[in-house]
Enquirer: 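Just dropping this structure here.
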Amino acid sequence: MLFGVFVALVHIFFGKAFGLPPVVTSEEIYETSTGRLFAAVYSAAPLISFSFCGFVTATIVQEFWRGIKMRRKNAQEGFFKALVTLVAKARRRYGGYIVHVGIVLMCIGFTGAAYDIKKEATLHIGESLEIHNYRFEYIRARSITDPNKRMVFTEFDVYHNGKKVDQVSPAKFIYTTHPEMPTTEVAIRSRLSNDLYVIMNSVNPETKIGTFQVIYRPLVIWIWIGALILLLGVIIAMAPRISELLSMDPPSSKASVVDAEQAKEGV
């Protein structure tokens, strides 16, 4: 509980400096007291979510630490050997804890949606769109045609705090069989801190003037990392012991003979 409070205080005092303020702006869904209550809860959702994530994480770490400490004292094992042996001897218990760690990381990733920033602009070649310390400079547009479709690509140089860090290329595919239903190919730049999505809405084939949307969303990758850790925990919890596999009795020779006779007789 204390660690959850500590996380909340750190978030309150330092969250904004890292682009993760504890309270976000929320619009009322409808103008009633219930709508205002929901808006207030949503505004404080990042603070509440990170606090609970900190509390759960501290509880899990405490459980692992107690078990490792006990094994090091009683079995005189090193830290990593004690950790592996602890998990191996109580797979369902500690596999469940690992599943909970995965869920915590996924919740952190879901919380990042509260900090979404979306921006849309119409750009000529050479113009830029800025969003949260990132600048997207529209470089060129090109079109490629094959027997099945026409592919329209645009290219952007991505700058972070004035330094070029990447290049992305959103696109649209217009199929000859369904020209009225083009597909949008979103350009995604994924990092531990955030994901950036660049979407091409439309581009004039003659002037190359395009309408684009950029979405900034932090912490998305932690959803996938959490899902992998959750899967690892499930595998550990459900995996049988080697002794259980070895103790499985093979079918008796007598039963095998009977089965063979029945198969020969067509039973």
Side-chain angles (χ1 to χ4, degrees), residues 18-21 24-29 42 45-46 49 105-228 230-231:
F18 293 95
L20 303 171
V24 295
T25 303
S26 175
E27 297 181 0
E28 297 177 13
I29 301 174
Y42 182 81
S49 176
L105 293 179
M106 291 175 71
C107 286
I108 290 173
F110 293 137
T111 303
Y115 302 106
D116 275 10
I117 303 174
K118 299 179 182 179
K119 221 167 193 183
E120 188 170 344
T122 299
L123 303 175
H124 293 76
I125 290 178
E127 294 183 333
S128 301
L129 183 156
E130 295 187 6
I131 183 171
H132 195 77
N133 298 327
Y134 286 92
R135 182 168 65 86
F136 294 82
E137 184 178 344
Y138 181 23
I139 301 300
R140 65 180 62 87
R142 55 192 174 88
S143 179
I144 301 175
T145 303
D146 67 21
N148 298 317
K149 60 186 179 295
R150 182 168 65 91
M151 298 169 284
V152 180
F153 295 91
T154 53
E155 294 179 11
F156 285 82
D157 285 340
V158 184
Y159 294 84
H160 184 229
N161 293 325
K163 181 181 178 182
K164 183 179 177 179
V165 293
D166 208 347
Q167 187 176 78
V168 296
S169 183
K172 269 195 185 297
F173 293 173
I174 301 97
Y175 292 87
T176 54
T177 54
H178 297 87
E180 73 285 354
M181 299 174 62
T183 61
T184 301
E185 306 299 316
V186 180
I188 303 174
R189 183 178 187 271
S190 184
R191 296 294 184 271
L192 287 176
S193 58
N194 60 66
D195 275 24
L196 295 167
Y197 306 91
V198 185
I199 304 165
M200 179 205 303
N201 292 331
S202 64
V203 170
N204 186 305
E206 296 179 359
T207 63
K208 309 300 182 184
I209 298 173
T211 302
F212 305 93
Q213 184 180 40
V214 177
I215 301 174
Y216 168 89
R217 177 173 293 178
L219 308 176
V220 175
I221 199 170
W222 293 101
I223 298 174
W224 303 105
I225 294 173
L228 293 175
L230 185 151
L231 180 61

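Please read these numbers as outputs of a predicted model, since none were measured by experiment.
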Enquirer: Any donor and acceptor pair, going by atom type alone, linking the side chain of K119 with main-chain N or O of E130 inside 3.5 Å?
Expert: yes

Enquirer: Grab the two heavy atoms, one from Y42 and one from A114, that are nearest each other, plus how far apart they are.
Expert: OH-CA, 3.7 Å

Enquirer: Which pair of non-hydrogen atoms, one from P46 and one from P21, has the smallest distance, and what is that distance?
Expert: CB-O, 4.2 Å

Enquirer: Out of curiosity, I131 CD1 to E120 CD, how far, rounded to the nearest 0.5 Å?
Expert: 11.5 Å

Enquirer: For the residue pair H132 and N194, establish whether any side-chain heavy-atom pair is separated by less than 4.5 Å.
Expert: no

Enquirer: R150: which residues meet the salt bridge (Lys or Arg N to Asp or Glu O under 4.0 Å) condition with it, sequence neighbours left out?
Expert: none

Enquirer: How many angstroms lie between OH in Y197 and CZ in R189, if you round to the nearest 0.5 Å?
Expert: 13.0 Å

Enquirer: With side chains defined as the heavy atoms from C-beta onward, is the minimum distance between I199 and P170 less than 4.5 Å?
Expert: no

Enquirer: Taking all heavy atoms of I139 and all of I125, pick out the closest pair and write down the distance.
Expert: O-CG2, 3.1 Å

Enquirer: Please assess E137 against K164 for the test salt bridge (charged side-chain N to carboxylate O under 4.0 Å, His left out), listing each intermediate value before the final yes or no.
Expert: CA-CA 10 Å; E137 184 178 344; K164 183 179 177 179; over 6 Å; no

Enquirer: Using the rule given for side-chain contact (heavy atoms from CB on, under 4.5 Å), can you reason through L196 versus F136, listing the C-alpha separation, both sets of side-chain angles and the distance that settles it, and then say yes or no?
Expert: CA-CA 11 Å; L196 295 167; F136 294 82; 3.8 Å; yes

Enquirer: Report the C-alpha distance between L129 and L123 in whole Å, list the side-chain angles of each, state the deciding distance to 0.1 Å, and finish with yes or no for side-chain contact (heavy atoms from CB on, under 4.5 Å).
Expert: CA-CA 8 Å; L129 183 156; L123 303 175; 4.3 Å; yes

Enquirer: Going by atom type alone, with no hydrogens or angles, which donor-acceptor pairs under 3.5 Å involve a side-chain atom of residues 174-183 and a protein atom two or more places apart or on another chain?
Expert:
unit_1, atom_1, unit_2, atom_2, d
T176, OG1, N148, O, 3.1
T183, OG1, E185, OE2, 3.4

Enquirer: To check you understand the geometry: which heavy-atom pair defines the closest contact between Y115 and G19, and what is its length?
Expert: CD2-O, 4.2 Å

Enquirer: To the nearest 0.5 Å, how far apart are CD1 in I108 and OG in S49?
Expert: 7.5 Å

Enquirer: When rounded to the nearest 0.5 angstrom, what distance separates CD1 in I209 from CG in N204?
Expert: 6.5 Å

Enquirer: Could you check K172 against V203 for side-chain contact (heavy atoms from CB on, under 4.5 Å), going step by step and ending with a plain yes or no?
Expert: CA-CA 9 Å; K172 269 195 185 297; V203 170; over 6 Å; no

Enquirer: Does any non-hydrogen side-chain atom of L192 lie less than 4.5 Å from one of I225?
Expert: yes

Enquirer: Looking only at heavy atoms, which two atoms of D195 and S190 are closest? And how far apart?
Expert: OD1-OG, 2.8 Å

Enquirer: Indicate yes or no for a side-chain donor-acceptor contact from T211 to the backbone of S202 under 3.5 Å, with no hydrogens or angles considered.
Expert: no

Enquirer: Can you list everything that forms a ring pair (Phe, Tyr, Trp, His ring centres under 6.0 Å) with F212? Sequence neighbours excluded, please.
Expert: Y138, F156

Enquirer: Could you give the distance from CE (M200) to CZ (F153), rounded to the nearest 0.5 Å?
Expert: 8.5 Å

Enquirer: Nearest 0.5 Å, what's the CD1-NZ distance between I215 and K118?
Expert: 5.0 Å

Enquirer: Can you name the nearest heavy-atom pair linking D166 to R191, along with the distance?
Expert: OD2-NH2, 3.7 Å

Enquirer: Hey, does M151 have a side-chain heavy atom less than 4.5 Å from the side chain of D146?
Expert: yes

